[in-house]
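In what follows, a structure is listed as structure tokens, so that the remarks can point back to it.
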Protein chains: 2
Amino acid sequence: MWADSEQHELRDGQADRPRRRATIHDVARLAGVSRQTVSRAVNDKGEIDPVTKERVLEAVRLLDYRPSRFARGMVRKGTVTTGLVIPDLMNPFFPEVAAGVLEAAEQRGWQVVVWDSRTDADREREALDVFSHQADAVIGYFKNDDAELGRLLGGVPLVLLERGPQQTRFGAVGIDVAAGMEQGIAHLVAAGHRRIGLLDGDGLSGPGPRRTAFLDEVRRHGLPVDQGWIVLCSEHSVAGGAAGMSRLLEAHPEVTAVVGFNDLIAIGATRTARRHGLRVPEDLAVLGFDGLSLGELVEPALTTLHIDKRRLGMLAVEQVARLRAGEAPLTGADAWVIPQLVVRASA
Amino acid sequence: MWADSEQHELRDGQADRPRRRATIHDVARLAGVSRQTVSRAVNDKGEIDPVTKERVLEAVRLLDYRPSRFARGMVRKGTVTTGLVIPDLMNPFFPEVAAGVLEAAEQRGWQVVVWDSRTDADREREALDVFSHQADAVIGYFKNDDAELGRLLGGVPLVLLERGPQQTRFGAVGIDVAAGMEQGIAHLVAAGHRRIGLLDGDGLSGPGPRRTAFLDEVRRHGLPVDQGWIVLCSEHSVAGGAAGMSRLLEAHPEVTAVVGFNDLIAIGATRTARRHGLRVPEDLAVLGFDGLSLGELVEPALTTLHIDKRRLGMLAVEQVARLRAGEAPLTGADAWVIPQLVVRASA
DNA sequence: AACGTTCACGTGAACGTTCACGGGGACTCG
DNA sequence: CGAGTCCCCGTGAACGTTCACGTGAACGTT
């Protein structure tokens, strides 16, 4: 009967390494059954004789058969894959956002492909180019403008992280920076500070919400404003913050408090200040903006505006879900995370 | 001619939200061309009149058409997807490993689907179950034993992180813990320590390489050994280390140095020790095992055995590549990362 | 003996692309 | 005017699964 053919296939299978992956058909031939029966065996469906099943499974093992996820995806829908673009995996902020995305995605049975853009616009574009073909939706941080984004991934739903919902034609999930800054500046003012500096991020795409919110609040409290008190940190890292603080200290030693673009920058600032002989917070108060758990480990523990990063990620997934369902995306407070002031020791 | 049909399709397309995603065929009909021409337009191939192309693209926009990645994957091979299973995204160690994996994968044009197992065996199994269908290979940390792993993902290449290459029948990439521990203990001994404790991880799957290496080295130096000096930290975190240190201090205040399972645990230990009034390193030396950049931020800066986490991840991808090519996986030193002692302030 | 049921399995079709061809029209050149 | 060339476009096939059926055998029921 099919014994011949099996023998042949057997030899064939182990002779040279298979240049083409075995298909369900190969297995069927080797086991002497039909495709459907093979399918039943590998998918643990019913309607199959245990003996036959074992024989099929043996053939599967022999040929190292694995069903093609493409062919499978073609016929039974449902596998959703979303791309996640992160600017810097070394900054603890982003893994936590990612954790939120992963958790929410898993609950829906979605998969998440992660891409580290390292804050490089070209690498962003690469990611988008790939995802436009391979993903059902994209979540991420982007420096490229809307037009470019739209052009690159034409049609694929996109949810932007940390951009005001108004600023973009895609879905967005953001941080209510203004609300955060309000708490932060109020705290500093209450402590008697009047000359407050800002260690801002790279001002590549204009002032950015942190700076505007900072200026708003400072003005609202009737404090003096000096453009020299705002220094840009090209790197959003401890080193970047340290460098920024050096420049600030040199040019404007009169500031008595600084708020950092993020916790890493604030920590870098603290270290530089101390190295310059300043006591924190007595001589210089430092306020972070992130709420990294790392902040409670440093000396002095960092006072900061804590952001629920996990929630941020989960909200983004929810936005994607709405986009995909054709519903209107969340807006306003529903799509925002509000920072909470956490008072520790540095301010 | 096709004007009718276009009108119809037009109305049809925007009337109610499409319950079934538009296919290349729909676009072809609407644009009045063949599938192939649509394909040419979407994929920027040549052999198409610019005018026709624009018309097709317009139809694409109208119907919100996006090519099915499954159908595409069927016909043109090459998209490789590997799964990455990480136990804890909140521990800075793992994002860095992930960064290495991502970088190496990107160079090969592979995609990486990330899964956070949160050190839960059940969640590991879920991941494996999904990946066995959806991935071409898997990299990750696993508590499940080989038999279970093999059963779950039957046939999919697997590369284990941080298991000795001998301990498993899959590919593996590891850390030369013995070499690291040798440097670490030597350093402590040179500083005059004789009663050294170990804040080990959870001893779920037996002693683990760190403990064995620790005991080996301690014995080799002829130091006294007390089982009470080894305490288990169920959580591999700062909190876990703090708790472990509390127990150690209470029962065995005679130890003058401890080495932590990882940096987080070591940092937790340091904090507890200081809270108990001990000076670090004068009264108690603390040695970490990881080399997190966070270690230089804490007070006192953590002396640690630095692991090249990024390289670890990249090696894992290389292993996958070999497995897929049918080559023999790397073994021995080629598949190991050797820790480097970084002396800072805590020991 | 006729009929329904269950079990184990096979057959054609469909999923949505791209690839390898093939063909017709316009234009050029001898 | 015929032949050659280029440009643009369409047709059948193939990719590897699963789904919805259909079929025949064995077994029981009336």
Side-chain angles (χ1 to χ4, degrees), chain A residues 1-2 5 18-57 59-60 63-81 132-136 155-156, chain B residues 1-2 5 18-57 59-60 63-81 132-134 136 155:
Chain A
M1 313 278 294
W2 44 268
S5 129
R19 29 200 78 270
R20 158 181 132 306
R21 264 221 346 231
T23 78
I24 200 175
H25 222 104
D26 301 327
V27 179
R29 267 211 314 271
L30 174 51
V33 296
S34 72
R35 298 160 308 173
Q36 183 60 14
T37 303
V38 175
S39 181
R40 282 191 263 255
V42 288
N43 295 350
D44 266 327
K45 299 257 170 110
E47 307 202 351
I48 185 174
D49 189 322
V51 183
T52 314
K53 180 166 175 177
E54 196 37 59
R55 183 153 41 93
V56 171
L57 260 25
V60 166
L63 297 179
D64 189 30
Y65 164 75
R66 290 189 313 106
S68 146
R69 70 168 179 284
F70 295 116
R72 204 171 239 175
M74 280 226 50
V75 59
R76 52 182 199 211
K77 325 284 172 195
T79 14
V80 176
T81 300
S132 70
H133 294 331
Q134 304 286 350
D136 302 306
V156 182
Chain B
M1 315 276 296
W2 45 268
S5 131
R19 29 201 78 269
R20 156 182 134 305
R21 265 226 338 237
T23 79
I24 201 175
H25 220 103
D26 302 326
V27 179
R29 266 211 315 271
L30 175 51
V33 297
S34 72
R35 298 159 309 174
Q36 184 60 16
T37 302
V38 176
S39 181
R40 282 190 264 256
V42 204
N43 297 349
D44 266 327
K45 298 258 170 107
E47 306 202 353
I48 184 174
D49 189 325
V51 183
T52 315
K53 180 166 175 178
E54 196 36 60
R55 183 154 41 94
V56 171
L57 260 26
V60 166
L63 298 179
D64 189 31
Y65 164 74
R66 291 189 311 105
S68 146
R69 69 169 179 284
F70 294 116
R72 206 170 236 175
M74 281 227 50
V75 59
R76 53 181 198 212
K77 325 284 171 194
T79 13
V80 177
T81 300
S132 69
H133 295 331
Q134 304 285 350
D136 303 305

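This is a predicted model, so every value here is computed, not measured. Residue numbering restarts at 1 for every chain, and letters A, B, ... go by the order of the sequence lines. Just so you know, these numbers use all the heavy atoms, side chains as well, and skip hydrogens, waters and symmetry mates.
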(request) Apply side chain to side chain donor-acceptor pair (under 3.5 Å) to Arg66(A) and list each qualifying residue two or more places apart in sequence or on a separate chain. (result) none
(request) Enter the inter-axis angle for the ends of the helix from dA1(C)-dT30(D) to dG30(C)-dC1(D) (five pairs per end, rounded to 10°). (result) 50°
(message) Looking only at the side chain of Thr23(B) (C-beta and beyond, no hydrogens), which of the listed nucleotides dC8(D), dG10(D), dG16(C) gets closest?
(response) dG16(C)
(message) Which is more 5' along DNA chain D, the nucleotide nearest His25(A) or the one nearest Val33(B)? Just name the residue.
(response) Val33(B)
(request) Ignoring backbone atoms, establish whether Ser68(A) has a side-chain N or O less than 4.0 Å from OP1 or OP2 of dC15(D). (result) no
(message) Treating Asn43(B) as the side-chain partner and Lys45(B) as the backbone partner, does any N or O pair qualify as donor plus acceptor under 3.5 Å?
(response) no
(message) Expressed as a whole number of angstroms, how long is the span from Met74(B):CE to dA13(D):C1'?
(response) 13 Å
(request) Flag the pair Asp44(A) and Lys53(A) as a salt bridge only when some basic side-chain nitrogen lies within less than 4.0 angstrom of an acidic carboxylate oxygen. (result) yes
(request) Calculate the interatomic distance between Arg29(A) atom CZ and dG16(D) atom P; express it in whole Å. (result) 12 Å
(request) Ignoring backbone atoms, establish whether Ser34(A) has a side-chain N or O less than 4.0 Å from OP1 or OP2 of dG10(C). (result) yes
(message) Counting primed atoms plus P, OP1 and OP2 as sugar-phosphate and everything else as base, spell out the protein contacts along nucleotides 18-24 of chain C at 4.0 Å heavy-atom distance: B, S or - for each nucleotide, 5' to 3'.
(response) BBB----
(message) Using whole Å, what does the distance between atom C1' of nucleotide dC15(C) and atom CG of Asp26(B) come to?
(response) 13 Å
(message) Can you list everything that forms a side chain to side chain donor-acceptor pair (under 3.5 Å) with His133(A)? Sequence neighbours excluded, please.
(response) Arg72(B)
(request) Using atom CD of Glu54(B) as one end and atom P of dC8(D) as the other, report the distance to the nearest whole Å. (result) 16 Å
(message) Looking at Thr37(B), I'd like to know whether one of its side-chain N or O atoms comes within less than 4.0 Å of OP1 or OP2 on dG10(D).
(response) yes
(message) Can you tell me which residue among Asp26(A), Val42(A), Val56(A) is in a side-chain contact (heavy atoms from CB on, under 4.5 Å) with Tyr65(A)?
(response) Val42(A)
(request) Would you mind reporting whether Thr37(A) and Arg40(A) have side-chain heavy atoms less than 4.5 Å apart? (result) yes
(request) Kindly write out the residues that satisfy side chain to side chain donor-acceptor pair (under 3.5 Å) with Ser39(B), not counting sequence neighbours, or none if the list is empty. (result) none
(request) For Arg66(A), answer base if it contacts any base atom (sugar-phosphate contacts may also be present), sugar-phosphate if it contacts only those atoms, and nothing otherwise; contact means non-hydrogen atoms under 4.0 Å. (result) sugar-phosphate
(message) Using whole Å, what does the distance between atom C1' of nucleotide dG10(D) and atom CG of Asp49(B) come to?
(response) 15 Å
(message) Holding to side chain to side chain donor-acceptor pair (under 3.5 Å), I want the full list of residues that pass it with Arg69(B), two or more places apart in sequence or in another chain.
(response) Thr81(A), Asp136(A)
(request) Taking Arg55(B) for its side chain and Ala31(B) for its backbone only, find out whether a donor-acceptor pair lies under 3.5 Å. (result) yes
(request) Round to the nearest Å and state the distance from Phe70(A) atom CZ to dA14(C) atom P. (result) 24 Å
